[in-house]
> 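Let me begin by handing over the structure; questions about it come next.
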Amino acid sequence: MKKSTALLIFIILVYTFLIGPFLIIFLASFGSEELMTFPPKGFSLKWFHKVFTIVMFRDAFWSSLKIALGSTASALILGAPIAYALVRFKFPGQNFIEVIFSSPAIIPGLVIGFALLRFFVLLTNLPILLGLYIGHTAILLPYTVRVISSSLRNFDISIEEAAVSLGASRLKSFFIVILPSIKTGVVASFILAFITSFNNVPVSLFLTGPGVATLPIQMLVYMEYYFDPTIAALSSILIVFTVFIVQSAEKLIGISKYV
Amino acid sequence: MPYLELKNIEAGYQKNKPILKNFNLSLEKGELVSILGPSGCGKTTTLRTIAGFMAPSRGSIIINGIDYTNKPPNKRNIGLVFQSYALFPHFTVFNNVAFGLKMRKTPNDVIKKKVDHLIDMVGLNGLEDRLPGQLSGGQRQRVALARAMVIEPSLLLLDEPLSNLDARLRINMRSEIRKLQKKVGISMLYVTHDQAEALSLSDRIIVLHSGKIEQEGTPENIYARPSSPFVAKFMGFENNFDSEAAEIDEKNIVIKAGSEFVKTELYPNIKKGDKISAFFRPDGVALALKKTENSIKGKVKTVTFQGGNTQYFVQTELGEFSVVIYEKHPSFSEQPVYLEFPEGSIILKRREAE
């Protein structure tokens, strides 16, 4: 009895700190006052309406979407062969390469962002959108490499060898035999990478520039000038959007065992 | 010239630690040869080298007069059957079997005909549209067999194909594989660690021990006359004792068994006074209550009833021996008994001088 009471308190605390902030934002977005207040006074949907009228949010949303889709796709196309090589073959320096591909997940985002700023913007003077796209691809690679390697590790290598012995080339057997078997892992890594890119602040912070901003960066900028519940409304929309994606992916293929 | 020939093969996972060294093997057309050995003896390495998944660092592989050493695995036309079946999980039985033909761009009507024929041959009619997940272990292995045979391979390699099946099914499948092989006349190399399996289906057995061929011969030959202590133990000669050749005449050799003497068949390389090791099977000897001609004295320590037979552990001055008796008999309990050696039940091996 005592143990379960302690557990209950613990769970309540965890949920309070995990979900509480979101709940406050969510409720505040329905307030009718000009300043964000909690508890909200009155009820209004005008902030949700305002989100859609602000052009810079719309532009930023499209930039974020483009960058997230593009960099996720690239990270998958690059990550799959890397994962395959890491799992299938033994070669000198393998451990080192594995560490390199997990380093962006370990090194603080700000450090990566700053390094990329030096490299892209100050050294090579790349177009902003391209820089963002390459930067995001780099931080997403560890996710795709790791998730795809873990599903490749669960895949029976004999199946691939059977296909090859029956006349399929390695490349053909990858697409006909391996890919269908690891598609859950591929979809899981896609969603994980997409959300990571879409929500990223530290790296984007350094790589955005005049005329181009991702949605999280645009939200930061907006908050520096205004403190009305528009941001709360936009945040609520994003939370619902993310939860919806993750939930439907979980329902469809059960991604939680890969992440 | 043999159909398949491995010449001086050196292969392994690490460059300076080859598993196979100076390895030679040959197989005639239509022959079923088993490679028998414990895990880690190099039998899977042999198969993977022939299939092309491992490149030998030295030596050559010749099939039907053609050098296969550097051929890529997907161009070898060698059928493979795996212990894990390795079926394509998202393909139906039909499409699994058809895979090799599709890769060869065979016309659809020919595919249909050949696949139907193979499915019929392995007895899977009516299951064409099932997925591998909906099949039993035995059925899956039949699909794997059909899939490997439909391409009319020049050679069929089987890597412990029955190890994942239960005991009864294993015995059934054994004879089915043998029947199928005889019917089609395909050349097969069969890898197993199960001596009963190798004995029951092979034309010839190769016993492999840490990358070297210990003995090669017909099942009868290897079973009756293992040429080394390793093969002897592997073939069920579980009991052994150290001895010495005491007397040799035209027909028999008399060996020392502690303070007693027993006789067995002649061995050309054993001379009087040689130090030898003697081996015998648990079921190769009999137990008696009275002293008989060719026997040694002992005492029953433990008795284990095993249904069809009874196992005894008998303590003698030479150590403890396992004895298995099949017939009905007066039950022996903790009493003095005599271990009786019928003719030829003891095999000898000369011990190298220490």
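Chain naming here is simple, since letters A, B, ... match the order of the sequence lines and numbering starts at 1 in each. The shown structure was predicted, so the numbers you read here are calculated from the model rather than taken from an experiment.
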> Do the non-hydrogen side-chain atoms of Phe82(B) and Ile159(A) ever get within less than 4.5 Å of each other?
no
> Within the supplied structure, the quantity of interest is the number of heavy atoms (other residues, nucleotides, ligands) at a distance under 6.0 Å from Phe174(A) CZ; does it exceed 12?
yes
> Counting heavy-atom pairs under 4.5 Å with chain A, which one of Phe91(B), Phe88(B), Phe53(B) comes out on top?
Phe53(B)
> Sorted by first residue and then second, give each ring-ring contact (aromatic ring centres under 6.0 Å, His included) pair with at least one member in residues 101-124 of chain B; sequence neighbours left out.
none
> Pairs in or reaching into residues 121-136 of chain B: which pass salt bridge (Lys or Arg N to Asp or Glu O under 4.0 Å), with residues at least two apart or in two chains?
none
> What part of Leu87(B) lies closer than 4.5 angstrom to a heavy atom of chain A: side chain, backbone, both or neither?
backbone
> Report the C-alpha distance between Leu166(A) and Ile151(B) in whole Å, list the side-chain angles of each, state the deciding distance to 0.1 Å, and finish with yes or no for side-chain contact (heavy atoms from CB on, under 4.5 Å).
CA-CA 7 Å; Leu166(A) 291 166; Ile151(B) 59 171; 4.0 Å; yes
> What donor-acceptor contacts under 3.5 Å connect chain B and chain A, backbone and side chains included?
unit_1	atom_1	unit_2	atom_2	d
Arg48(B)	NH1	Glu161(A)	OE1	2.9
Arg48(B)	NH1	Glu161(A)	OE2	2.8
Arg48(B)	NH2	Glu161(A)	OE2	3.1
Ser84(B)	OG	Asp156(A)	OD2	2.7
His90(B)	NE2	Ile176(A)	O	3.0
Arg104(B)	NH1	Leu166(A)	O	2.7

> Look at atom CZ of Phe26(A) and say whether more than 12 heavy atoms of other residues, nucleotides or ligands are closer to it than 6.0 Å.
no
> Please classify the contact of Pro89(B) with chain A as side chain, backbone, both or neither, using a heavy-atom distance under 4.5 Å.
side chain
> Counting only heavy atoms not in Phe10(A), do more than 12 fall under 6.0 Å of its CZ?
no
> How about Arg58(B): does its CZ atom have over 12 heavy atoms from other parts shown lying under 6.0 Å from it?
no
> With a 4.5 angstrom heavy-atom cut-off, which part of Ile176(A) approaches chain B: side chain, backbone, both or neither?
both
> The criterion is side-chain contact (heavy atoms from CB on, under 4.5 Å); which residues satisfy it with Ile12(A), sequence neighbours excluded?
Leu8(A), Thr16(A)
> Evaluate whether atom CZ of Phe17(A) has more than 12 neighbouring non-hydrogen atoms of other residues, nucleotides or ligands under 6.0 angstrom away.
no
